[in-house]
Enquirer: 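Take this structure, written in structure tokens, and hold onto it; I'll ask about it next.
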Amino acid sequence: MRISVFGLGYVGAVSLACLARDAHHVVGVDVDPHKLDLIRSGRSPIVEEGIQDLMKQVVESGRVTVTNDVAKAIADTELSFVCVGTPSSPNGGQDLAAIKRVMEQIGGALAKKSSHHTVVLRSTVQPGTLESLVRPTLEQASGKKSDADFAVCFQPEFLREGTSIKDYDNPPLTIVGARGPAAADRVKQVFQHLPCELVNTSIGVAELMKYACNAFHAVKITFANEIGRVAQSAGVDAREVMDFVCRDKRLNISPAYLKPGFAFGGSCLPKDLRALNYLAKVNDLTLPMLGSVLGSNRAHIDHALDKVMVPGVKRVGMLGLSFKAGTDDLRESPLVSVAERLIGKGYQLRIFDSEVNLSRLIGANKRFIEESIPHIGNLMVENNEAAIADAQVAIVSVATPAVLTALANHDNPDLAVVDLVGLPRDRIKCARYSGICW
Ligand SMILES: NC(=O)c1ccc[n+]([C@@H]2O[C@H](COP(=O)([O-])OP(=O)(O)OC[C@H]3O[C@@H](n4cnc5c(N)ncnc54)[C@H](O)[C@@H]3O)[C@@H](O)[C@H]2O)c1
């Protein structure tokens with residue numbers, strides 16, 4: 001393929017060299033004449049393992065040219081990767097000046113081009129950037145319509161400095177966010193030889209996915225370091241602790257607990273987080289991240305309540321009360337907090353949880369309801385149907401067949417559903433639906 005690469009920094013220079021190595025004809029474009037001169041003379045503008053030799057080899061092959069002439073680069077190629085920088089603005093937002101400028105230039109060049117062209121944004125950008133800035137800038141500058149006259153899509157880049165050629169050849173997956181399959185298919189042609197899954201998705205998902213990955217990496221490093229400080233203060237080997245943490249591939253290094261949903265609770269997580277933070281306090285440590293986890297969890301409960309406490313609502317039904325499906329344990333259940341907040345604000349509440357059926361409850365949980373939350377025990381009804389019959393809002397935290405049947409067959413025309421669990425939308429009847437994170 002004939003490909004142009006805009007921005008010859010870490011991402012662009014590695015992409016240019018690897019694309020040319022893989023037999024594509026590549027035109028590199030940058031505003032920095034020094035970088036263009038270096039590549040012209042067979043040298044790399046960045047320091048990376050293996051890049052000097054590779055750059056020399058691909059420039060000598062004749063498959064690489066560089067220019068600051070955008071019109072020529074667009075005219076001579078069929079697909080462009082845009083890898084210009086998106087640094088932080090002083091307020092923490094993203095500085096999109098380089099993206100805007102390069103899209104104006106590419107759009108101007110597209111105006112003079114009669115054949116189809118595909119523009120692939122690889123710079124990391126906030127969700128919505130492609131639709132609010134990139135597409136309109138290209139359309140305005142070219143006077144053409146995207147999808148019809150040219151295509152534009154987003155492909156997050158996963159390479160890391162220091163191992164970038166290896167990462168280019170072994171990405172965890174290749175994701176293309178596009179409005180239709182045509183643009184994505186063209187990008188896939190370039191990367192189909194890679195040993196990884198190729199996935200099509202929406203542009204917004206592809207844009208945010210890259211931010212989610214980088215935030216996750218930062219959170220993991222900070223987590224290991226905060227545990228490390230606690231371990232050191234307690235005279236325990238931090239590296240051994242984290243090694244064992246990582247050996248649990250079922251609950252720790254796994255998709256477990258990584259699905260957006262409702263707040264955590266129960267008899268262990270809040271209690272043990274409090275104890276860990278207390279241990280840090282008595283050892284004169286600060287743990288800014290672990291110290292804010294319970295606060296973040298409370299913010300999530302507030303987020304659910306904001307969806308329920310809308311003007312006009314007085315009667316609420318709760319399907320589910322324990323901290324997770326399949327248990328009758330109510331200790332520190334975030335749903336008990338939801339119920340208590342609603343009762344405190346004067347809402348009329350009816351609650352059903354098949355696992356917390358008062359007549360069947362035994363032992364500690366019966367005592368907990370009777371002694372600690374008798375005000376909630378009094379609001380429990382005998383089945384799901386009774387909880388939602390007269391409600392204006394149903395807060396649903398379990399998706400058992402009985403709950404789904406009740407939500408499909410009720411005859412309450414005003415019922416709004418606040419879904420905390422990911423219900424199958426097509427199987428529930430409601431006047432208004434609101435998901436906790438979707
Ligand atoms: N560095 C990484 O490891 C990495 C990994 C994945 C994603 N990213 C993302 O990729 C993007 C690029 O990162 P980078 O580290 O390669 O940036 P960089 O700062 O090293 O390079 C950007 C290049 O773009 C050039 N440029 C600016 N305006 C231009 C224009 N109008 N036309 C042509 N070239 C222009 C600059 O001169 C510079 O050479 C960023 O959005 C970054 O977040 C970076």
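One-based numbering, in listed order, for ligands and for the atoms of each.
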Enquirer: Backbone, side chain, both or neither: what part of S123 comes under 4.0 angstrom of ligand 1, heavy atoms only?
Expert: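 Looking at S123 and ligand 1, atoms from backbone and side chain both fall under 4.0 Å.
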Enquirer: Let me check something: any side-chain donor-acceptor pairs from residues 302-313 under 3.5 Å, sequence neighbours excluded? List them with distances.
Expert:
residue : atom : partner : partner atom : Å
D302    : OD1  : R341    : NH1          : 3.1
D302    : OD1  : R341    : NH2          : 2.9
H303    : NE2  : I436    : O            : 2.9
K307    : NZ   : S434    : OG           : 3.4
K307    : NZ   : G435    : O            : 3.4

Enquirer: Check this for me, if you would: do R247 and D243 make a salt bridge, where the nitrogen-to-carboxylate-oxygen distance has to be below 4.0 angstrom?
Expert: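 Yes, charged N to carboxylate O under 4.0 Å.
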Enquirer: Students should be able to answer this: which protein heavy-atom is nearest to atom 8 (N) of ligand 1, and at what distance?
Expert: V11 CG2, 3.6 Å
Enquirer: Among protein heavy atoms, which sits nearest to atom 7 (C) of ligand 1, and what does the distance come to when rounded to 0.1 Å?
Expert: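 The closest one turns out to be T124 OG1, 3.6 Å.
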Enquirer: Considering the heavy atoms of V29, write down every atom of ligand 1 situated less than 4.0 Å from one of them.
Expert: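 Checking each atom against V29, I get 33 (C), 34 (N).
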Enquirer: Do K56 and D53 sit within salt-bridge range, that is, some charged N less than 4.0 Å from a carboxylate O?
Expert: no
Enquirer: Considering only heavy atoms of V31, which atoms of ligand 1 have at least one such atom less than 4.0 Å away?
Expert: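 What qualifies from ligand 1 is 26 (N), 27 (C), 28 (N), 29 (C), 30 (C), 31 (N), 32 (N), 33 (C), 34 (N), 35 (C), 37 (O).
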Enquirer: Nearest to atom 25 (C) of ligand 1, what protein heavy atom do you find, and at what distance?
Expert: D30 OD2, 3.3 Å
Enquirer: Output yes when a side-chain donor or acceptor of S254 lies under 3.5 Å from a complementary backbone atom of A256, and no otherwise.
Expert: yes
Enquirer: K35 versus ligand 1: do any nitrogen or oxygen atoms come within less than 3.5 Å of each other?
Expert: yes
Enquirer: Report, in ascending order of atom number, the atoms of ligand 1 lying under 4.0 Å from any heavy atom of T86.
Expert: 40 (C), 41 (O), 43 (O)
Enquirer: In ligand 1, which numbered atoms sit nearer than 4.0 Å to a non-hydrogen atom of G9?
Expert: 16 (O), 18 (P), 20 (O), 21 (O), 23 (C), 39 (O)
Enquirer: Any atoms of ligand 1 less than 4.0 Å from a non-hydrogen atom of Q105? List them with their elements.
Expert: 31 (N)
Enquirer: Could you find the nearest protein heavy atom to atom 1 (N) of ligand 1 and give me its residue, atom name and distance?
Expert: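 In this structure, atom 1 (N) of ligand 1 has E161 OE2, 2.9 Å as its nearest protein heavy atom.
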Enquirer: Please say which of I99, L96, T129, V134 ends up in a side-chain contact (heavy atoms from CB on, under 4.5 Å) with S123.
Expert: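 Answer to the side-chain contact (heavy atoms from CB on, under 4.5 Å) test with S123 among I99, L96, T129, V134: I99.
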Enquirer: Under 6.0 Å between ring centres, would you say that holds for F191 and F81?
Expert: yes
Enquirer: Do T137 and E104 have a side chain donor and acceptor closer than 3.5 Å?
Expert: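 No, no side-chain donor-acceptor pair sits under 3.5 Å.
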Enquirer: Considering only protein heavy atoms, which is closest to atom 11 (C) of ligand 1, and at what distance to one decimal place?
Expert: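 Going atom by atom, the protein heavy atom closest to atom 11 (C) of ligand 1 ends up being V84 O, 3.5 Å.
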